Amino acid sequence: MSTYSLPVNGAGITQLAECQLPKLNVAGSIPVTRSILLLSMVVSIFSAALSAQAPDILQDFWWEASGARLDTAPFSLSSLNERSLKSQLGNGNRNALMPLVMLLVTEGRMDEAEAWMEGRGRLVPVTRRDLGIALSWYGRYELHSVLSTQLEVPSDLDEDDYGRTLAAIVDAGWMHCAYGDLFMPDLLAGPSDLILLQGVFFPDPVSWDREWIGMASLDSLFAAGIEQGVSR
């Protein structure tokens, strides 16, 4: 999909994403309080615009960024498709950044919203589901025997195409459920997930710059593990 910028009170959405996002400490792990304030302001501004008979061209932008059908009405944030937005960002369409951030904020998922804001749409944060799917590839030979056994699939993965595969990842000990018996696939992968893999798939010790990890950094860890002969 081609990228473009639409005017909103004199400023394009792409310009808002690039020029008005908070300057977070990208090398550290402590969230900046004012980033939460700015997120709230962004949500207020855009929610007000959309609820007050937003121009068709602006609504079309949000529909296209969400991957939804333009002939579906009425428009609302709940209509945005999270996985579609993340997929488009992964494919380089940064127009999907602000719709995704707004969606995450309205759902109270501030840590994830801040991670996407910090990455400016260029760095794609890795979810626990993403990590599990990557592990199913790098550990595919060893995982085959696990998949042939009886597995208890976490209830929040019942409808997931990778549910049984992710259950096998947990059974193999490469990941743990996040809360009780729930896998929580949409949570961002963090230190507790990655440290578990050091010396198994990743180098020992594991090192990265944030409380969350981006796709490119994850690929680098797998590559370093292969180079050091620790990855399967």
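Quick note: numbers below take in every heavy atom, side chains included, and nothing from hydrogens, waters or symmetry partners. The structure displayed is predicted, hence computed values, not measured ones.
- Distance check, rounded to the nearest 0.5 Å: CG of Leu157 to CZ of Phe183 gives 6.0 Å.
- The two atoms that bring Gly190 and Trp208 nearest to each other are C-CZ2, 4.2 Å, heavy atoms only.
- Residues Trp116 and Leu187 do not share a hydrophobic cluster, clusters being chains of Ile/Leu/Val/Met/Phe/Trp/Tyr side chains in contact below 4.5 Å.
- Checked by atom type and distance alone, the side chain of Ser220 pairs as donor or acceptor with a backbone atom of Ala216 at under 3.5 Å.
- Residue Val105 comes nearest to Ala113 through the heavy atom pair CG2-CB, 3.7 Å, listed as atom of the first residue, atom of the second, then distance.
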Does the side chain to side chain contact (heavy atoms under 4.5 Å, CB included) test come out yes or no for Val146 and Leu151, once each step is laid out? CA-CA 8 Å; Val146 181; Leu151 293 170; 4.1 Å; yes
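- Of the inter-residue distances, the one linking Leu123 atom CG with Leu89 atom CG reads 11.0 Å to the nearest 0.5 angstrom.
- A continuous path of ILVMFWY side-chain contacts below 4.5 Å connects Ile195 to Val200, so both sit in one hydrophobic cluster.
- Residues Ile226 and Phe201 form no side-chain contact, since every pair of their non-hydrogen atoms from C-beta on lies 4.5 Å or further apart.
- With a 4.5 Å cut-off on side-chain heavy atoms, Leu104 and Leu100 count as touching.
- The nearest pair of heavy atoms linking Pro185 to Thr127 is O-CB, 3.4 Å.
- Smallest separation of non-hydrogen atoms from Leu143 and Trp174: CD1-CZ3, 3.7 Å.
- Minimum heavy-atom separation, Gln198 to Pro205: OE1-CA, 3.8 Å.
- Between Glu114 and Glu211, the closest side-chain pair of non-hydrogen atoms is not below 4.5 Å.
- The hydrophobic clustering, which links ILVMFWY residues whose side-chain heavy atoms are closer than 4.5 Å, places Ile133 and Trp212 apart.
- For the pair Ser87 and Asn91, the minimum side-chain heavy-atom distance is below 4.5 Å.
- Looking only at side-chain heavy atoms (C-beta outward), Glu112 and Glu107 stay at 4.5 Å or farther from each other.
- Hydrophobic clustering (side-chain heavy atoms under 4.5 Å, transitive across Ile, Leu, Val, Met, Phe, Trp, Tyr) groups Leu194 together with Met175.
- Rounding to the nearest 0.5 Å gives a distance of 7.0 Å between CE of Met184 and CG of Asp156.
- The aromatic rings of Phe222 and Tyr138 sit parallel, their planes meeting at an angle under 30°, below the 60° perpendicular limit.
- If you chain together hydrophobic residues whose side chains sit under 4.5 Å apart, Tyr179 and Leu196 never meet in one group.
- Asp158 CG: more than 12 foreign heavy atoms inside a 6.0 Å radius.
- Distance check: Leu188 CG to Leu131 CG gives 11.5 Å after rounding to the nearest 0.5 Å.
- Contact check for Ser136 versus Ile169: side-chain heavy atoms found under the 4.5 Å cut-off.
- Because its NZ or CZ atom is not both nearer than 6.0 Å to the ring centre of Tyr162 and within 45° of the ring axis, Arg129 does not count as a cation-pi partner of that residue.
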Set out, in order, the CA-CA distance, both residues' side-chain angles and the distance that settles side chain to side chain contact (heavy atoms under 4.5 Å, CB included) for Arg210 and Glu118, then state yes or no. CA-CA 10 Å; Arg210 302 172 176 83; Glu118 184 179 344; 3.1 Å; yes
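- The two atoms that bring Ile213 and Ser217 nearest to each other are CG1-CB, 3.6 Å, heavy atoms only.
- Sparse packing is recorded around CG of Asp181, with 12 or fewer heavy atoms of other residues, nucleotides or ligands lying under 6.0 Å away.
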Evaluate Asp186 against Arg128 for side chain to side chain contact (heavy atoms under 4.5 Å, CB included), listing each step before the verdict. CA-CA 6 Å; Asp186 293 323; Arg128 284 172 47 81; over 6 Å; no
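- Under the 3.5 Å distance criterion, the side-chain polar atoms of Arg164 are left unmatched by any main-chain donor or acceptor of Val153.
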Residue pair Leu221, Leu197: steps toward the side chain to side chain contact (heavy atoms under 4.5 Å, CB included) verdict: CA-CA 10 Å; Leu221 286 180; Leu197 300 169; over 6 Å; no
